[in-house]
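Keep in mind that this is a model prediction, so the values were computed, not measured. Protein chains get the first letters and strands the later ones, always in sequence-line order, with residue 1 at the start of each.
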Amino acid sequence: MPELPEVETFKKYFDGTSLNQKIERVVVNDDKIIRNLNGDEFVNKLTGRTFLDSFRRGKYLFARMDNDEYLLLHFGMTGDLNYYELEEDRTKHERFVFYFNNHQRLGFDCPRKFARINYIENIKEYIAKSGLGKDALVITEAEFLAATKAKKGSIKGFLLNQKILAGVGNLYADEVCYKTRIHPGSQTGAIPTKKLKEAFATMQDILNTAIKRSAYYKEYPDNWFFEWRKEGTPAPNGKGVVTWDKIGGRTTYFFPNYQRLYSFK
DNA sequence: TGTGATGTTGAATG
DNA sequence: GCATTCAACATCAC
């Protein structure tokens, strides 16, 4: 379930459980999600290592090891971490697992295998090469506004583009558009600066609020997407109901008579 | 049973 | 070349 707030929550979980313990053994059940090494190489590289700390950028979690190299965890749609001791607590789709020297294990679970794991020797080079944008909570208003300039694509696609700003996913992008009353299909560069500033502030506010609640949807404010992002919800202004369309390549929910469509021309 | 899902990417298109 | 769109990836749940 990982967009930025979810990954931040994974980071806290990882930091709180898996640092400063030597990895004694690594078992790979399915190396499909390990992108730049095969299973045996992964085992060889990780065995004997210790995680020292981690940092997050967008939806990417980089875990630093005692050799100053990094393990990149990207959770895809269904990635999850599971720190446990007993075999009975092993999850069903555990793709690989680290056995620490304190008899605890860290398993990486991922049913759909969309997760991406990379072993990184040179972190700076990797990030530069990947083109990963600034974190959505780190990027400044000025940088955000500059990036929107003359963009003809949809605001939804803009918010989802990890090379422009990293961390916003499908749900939170819809929430930003909803709260600011911007039609998600609006051409980004055609939206007035004042409105874009509002979108920027709203985006960071939404992400921070979600992080405070540990990305636990049940504790989100009542009027957030889980309430309105479903068939038949009436618009806040009473004009029509929620509808959906494919925008920016993803299923997008919005209120056509509530969220304004901005476009060039 | 068929369909779509909180993500990314490389190929195709304009 | 650039910006944007789309199918593909694999499994589960409704």
Side-chain angles (χ1 to χ4, degrees), chain A residues 1-11 29-36 56-62 72-81 91-96 108-118 126-127 129-133 135-136 146-178 184-190 203 206-207 209-211 213-220 224-232 242-254 263-264:
Chain A
M1 22 182 227
E3 298 185 35
L4 187 152
E6 287 78 3
V7 179
E8 178 65 23
T9 304
F10 285 141
K11 170 177 162 51
N29 301 311
D30 186 337
D31 66 5
K32 180 85 209 294
I33 61 173
I34 304 168
R35 302 298 163 137
N36 63 348
R56 183 190 58 70
R57 177 153 163 175
K59 306 170 189 172
Y60 291 75
L61 181 60
F62 297 90
L72 163 58
L73 304 174
H74 183 284
F75 298 86
M77 297 271 257
T78 56
D80 201 0
L81 297 175
T91 52
K92 186 174 172 191
H93 301 285
E94 184 176 82
R95 303 308 180 187
F96 60 85
F108 191 96
D109 190 80
C110 188
R112 284 174 72 185
K113 302 186 196 173
F114 284 3
R116 287 153 186 277
I117 308 300
N118 275 281
Y126 179 86
I127 289 180
K129 210 171 138 195
S130 73
L132 187 62
D135 187 81
T148 64
K149 217 165 172 131
K151 282 276 193 307
K152 290 185 196 150
S154 68
I155 182 69
K156 172 80 183 245
F158 176 86
L159 291 170
L160 290 179
N161 188 334
Q162 304 298 303
K163 295 189 173 176
I164 297 172
L165 71 167
V168 177
N170 200 29
L171 261 36
Y172 295 98
D174 279 5
E175 187 68 19
V176 171
C177 292
Y178 166 70
S186 295
Q187 289 185 287
T188 307
M203 169 186 81
I206 289 169
L207 295 173
T209 301
I211 287 172
R213 289 162 171 72
S214 303
Y216 187 54
Y217 294 153
K218 287 182 180 167
E219 294 189 4
Y220 283 0
W224 275 32
F225 44 69
F226 260 64
E227 256 336 285
W228 65 262
R229 208 174 177 277
K230 58 191 175 196
E231 212 76 42
V242 74
T243 184
W244 64 269
D245 198 0
K246 217 57 157 181
I247 301 176
R250 306 295 301 281
T251 299
T252 302
Y253 284 81
F254 62 101
S263 59
F264 289 114

Asker: Pairs under 3.5 angstrom, nitrogen or oxygen only, protein versus nucleotides 9-11 of chain B, please.
Answerer:
none

Asker: How far apart are the closest heavy atoms of A:Ile164 and A:Ala147, and which atoms are they?
Answerer: CG2-CB, 3.7 Å
Asker: Using a 4.0 Å heavy-atom cut-off across all strands, classify A:Arg229 as base, sugar-phosphate, or nothing.
Answerer: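 Sugar-phosphate, backbone atoms only, no base.
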Asker: Verify the contact: side-chain N or O of A:Thr78 to OP1 or OP2 of B:dG7, cut-off strictly under 4.0 Å; return yes or no.
Answerer: no
Asker: Taking atom P in both B:dG4 and C:dA7, compute the distance separating them and give it to the nearest angstrom.
Answerer: 12 Å
Asker: When you check the gap from the basic side-chain N to the acidic O, do A:Asp109 and A:Arg95 get nearer than 4.0 Å?
Answerer: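 Salt bridge flag = no for A:Arg95 with A:Asp109.
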Asker: Applying the side chain to side chain contact (heavy atoms under 4.5 Å, CB included) criterion to A:Phe62, which one of A:Lys11, A:Arg57, A:Arg56 satisfies it?
Answerer: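 That would be A:Arg57.
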Asker: Just checking A:Tyr178 against A:Trp228, ring centres under 6.0 Å apart?
Answerer: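 Yes, they do, as the ring centres are separated by less than 6.0 Å.
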Asker: Rounded to the nearest 0.5 Å, how far apart are CG of A:Asp135 and CD of A:Gln162?
Answerer: 9.5 Å
Asker: Nearest 0.5 Å, what's the OH-CD distance between A:Tyr253 and A:Glu231?
Answerer: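 Here the interatomic distance stands at 6.0 Å.
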Asker: Which atom pairs, one a donor and one an acceptor, fall under 3.5 Å between side chains of residues 242-252 of chain A and the rest of the protein, sequence neighbours left out?
Answerer:
unit_1	atom_1	unit_2	atom_2	d
A:Thr252	OG1	A:Lys156	NZ	2.8
A:Thr252	OG1	A:Ile247	O	3.4
A:Thr252	OG1	A:Arg250	O	2.9

Asker: Expressed in angstrom and rounded to an integer, what is the separation of A:Asn170 atom CG from B:dT8 atom P?
Answerer: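 Roughly 11 Å, once rounded to whole Å.
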Asker: So if I take residues 152-160 of chain A and measure heavy-atom distances to DNA chain C, which residues fall below 4.0 Å?
Answerer: A:Lys152, A:Gly153
Asker: Given atom CE of A:Met77 and atom C1' of B:dT3, what is their separation to the nearest angstrom?
Answerer: 13 Å
Asker: I need the CZ-P distance between A:Phe226 and B:dT6, as an integer number of Å.
Answerer: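 In whole Å, B:dT6 P and A:Phe226 CZ are 9 Å from each other.
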Asker: Between CH2 of A:Trp224 and CG of A:Asp174, what distance do you get to the nearest 0.5 Å?
Answerer: 13.0 Å
Asker: Are OP1 or OP2 of B:dG7 and a side-chain N or O of A:His74 less than 4.0 angstrom apart?
Answerer: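 Answer no for this pair, as no side-chain N or O of A:His74 is under 4.0 Å from OP1 or OP2.
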Asker: Within this structure, what is the CG-to-P distance between A:Leu171 and B:dG7, rounded to whole angstrom?
Answerer: 8 Å
Asker: Please give, in whole Å, the distance from B:dA5 P to A:Phe225 CZ?
Answerer: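 Rounding to the nearest Å, CZ of A:Phe225 and P of B:dA5 are 14 Å apart.
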Asker: Within this structure, what is the CD-NZ distance for the pair A:Glu8 and A:Lys59, rounded to the nearest 0.5 Å?
Answerer: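 Rounded to the nearest 0.5 Å, the CD-NZ separation comes out at 15.0 Å.
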Asker: From NZ of A:Lys230 over to C1' of B:dT6, roughly how many Å is that when rounded to an integer?
Answerer: 17 Å
Asker: Roughly how far apart, to the nearest Å, are B:dT1 and C:dA10 at atom P?
Answerer: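 B:dT1 and C:dA10 have their P atoms separated by 23 Å.
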Asker: Distance check: side-chain N/O of A:Arg112 vs OP1/OP2 of B:dA5, anything under 4.0 Å?
Answerer: no
Asker: Mind checking what makes side chain to side chain donor-acceptor pair (under 3.5 Å) contact with A:Tyr60, not counting sequence neighbours?
Answerer: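 With sequence neighbours excluded, A:Tyr60 shows a side chain to side chain donor-acceptor pair (under 3.5 Å) to no residue whatsoever.
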Asker: For A:Tyr220 and A:Ala215, which heavy atoms make the closest approach, and how far apart are they?
Answerer: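 Scanning both residues, the minimum pair turns out to be OH-CA, 3.0 Å.
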Asker: CH2 of A:Trp224 versus P of B:dT6: gap in Å, rounded?
Answerer: 16 Å
Asker: Verify, without hydrogens or angle tests, whether A:Ser130 (side chain) and A:Leu132 (backbone) share a donor-acceptor contact under 3.5 angstrom.
Answerer: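 At least one qualifying donor-acceptor pair exists.
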Asker: On DNA chain C, reading 5' to 3', which nucleotide is the first and which the last to sit with an atom under 4.0 Å from a heavy atom of chain A, could you check?
Answerer: C:dT4 to C:dC12
Asker: Rounded to whole angstroms, how far apart are CD on A:Glu231 and P on B:dG4?
Answerer: 12 Å
Asker: Nearest 0.5 angstrom please: A:Cys110 SG to A:Lys32 NZ, how far?
Answerer: 10.0 Å
Asker: To the nearest 0.5 Å, what is the distance between CG (A:Leu81) and CD (A:Glu94)?
Answerer: 11.0 Å
Asker: Reading DNA chain B 5' to 3', how would its secondary structure be written in dot-bracket notation, given Watson-Crick and G-U pairs with both distances under 3.5 Å, brackets [ ] for crossing pairs and | for partners on other strands?
Answerer: .||||.||||||||
